[in-house]
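Quick notes on the structure that follows.
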Amino acid sequence: MSEPTLVRPYGDTTGDGMVQLSFTLPLAHTKVAEGAAAQLAAKMGLDPALVVHARPMGPGFTFFVVYGRVQHLVDTSTVEVVERDYPLLTPAEANAAVRRALRRRLCVVGACIGTDAHTVGIDAILNIKGFAGEKGLEYYRELKVLNLGAQVSVPTLVERARAEGADAVLVSQVVTQRDAHLHNTRELAAAFREAYAEEERPLLVVGGPRFDELMAADLGVDRVFGRGTTPGEVASFLVHRLAGGVAA
């Protein structure tokens, strides 16, 4: 049975349109604050809009959970996403492809740039312990991995990438206030394009929970990975782009 293309949220019964959402208002927890939360939810299209949870979040702030019905339909035939256009490889397959195509180790340099001190994302992809049951890129024998850690300036990253002869540069960005992740990524892309001839430039890959995977071209990078990306997905992409995929 094929899936429908027009869908509505599901709460208690199919197609009832019930949704739950949360937000914080800069108001102390009072009846007025709860009324403001209900009014906001109503303006967002929830009808009826019920405040089902409210909790103070320090002086002058309240966290709310609201529940209500929406009438909107989603047409899945118009949804735009970045589909994976390469096969997922095992570490053995990735290693074999690199040996066959490059006849040397594929060099990957990773970092968190700007003021971002959150290394959980880059460590999950690069460190041998990995993420989601998959070993990180350090586990792959044919990958040379250099993790520069947190708060690396873009000029330093360019310098180290050039010194190491990097084939790919991986950047994780978790801090997103005032679109810092977007500004930092555009700075990264501009710096590498200024420092390298296009045919010599390393592959630029960025990732983080607030990135839109459709924005790669706009940001000037080769690939954007979103939340939940595993080391195997990144390794397979690098092999696909730099070593031609699975060995014969």
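Heavy atoms only: backbone and side chains are in, while hydrogens, waters and symmetry mates are out.
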Working to the nearest 0.5 Å, report the span between [atom1] of [X] and [atom2] of [Y].
| X | Y | atom1 | atom2 | value |
| --- | --- | --- | --- | --- |
| T115 | N184 | OG1 | CG | 6.5 Å |
| D116 | I113 | CG | CD1 | 8.5 Å |
| I125 | T230 | CD1 | OG1 | 6.5 Å |

Can you name the one residue among L238, L203, D167 that meets side chain to side chain contact (heavy atoms under 4.5 Å, CB included) with V108?
->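 With V108 as partner, side chain to side chain contact (heavy atoms under 4.5 Å, CB included) holds for just one option, L238.
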Any salt bridge linking [X] with [Y]? Criterion: basic side-chain nitrogen under 4.0 Å from a carboxylate oxygen.
| X | Y | value |
| --- | --- | --- |
| D218 | R186 | yes |
| R201 | D222 | yes |
| R99 | E142 | yes |

Can you confirm whether [X] is buried at [atom1], in the sense that more than 12 heavy atoms of other residues, nucleotides or ligands lie under 6.0 Å from that atom?
| X | atom1 | answer |
| --- | --- | --- |
| R104 | CZ | yes |
| R193 | CZ | yes |
| E194 | CD | no |
| E80 | CD | no |

Looking only at non-hydrogen atoms, find the nearest pair between [X] and [Y] and report the distance.
| X | Y | answer |
| --- | --- | --- |
| F131 | P231 | O-CD, 3.8 Å |
| T119 | C112 | CA-SG, 3.9 Å |
| Y67 | D12 | OH-OD2, 3.7 Å |
| A216 | V224 | CA-CG2, 3.8 Å |

Would V109 and L170 satisfy side-chain contact (heavy atoms from CB on, under 4.5 Å), going step by step from the backbone distance to the final call?
-> CA-CA 6 Å; V109 175; L170 273 55; over 6 Å; no
Can a donor-acceptor pair be found between the side chains of H118 and Q173 at a distance below 3.5 Å?
->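 Side-chain D/A pair, H118 to Q173: absent.
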Quick one: side chain to side chain contact (heavy atoms under 4.5 Å, CB included) partners of I128, sequence neighbours excluded?
->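 Partners of I128 by the side chain to side chain contact (heavy atoms under 4.5 Å, CB included) criterion, ordered by chain and then number, come out as E138, Y139.
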Salt bridge (Lys or Arg N to Asp or Glu O under 4.0 Å) assessment of E213 paired with R223 = CA-CA 8 Å; E213 294 184 342; R223 186 79 177 201; 5.8 Å; no
For the residue pair F211 and H181, is the inter-centroid distance of their aromatic rings smaller than 6.0 Å?
->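 Centroid separation for F211 and H181: below 6.0 Å.
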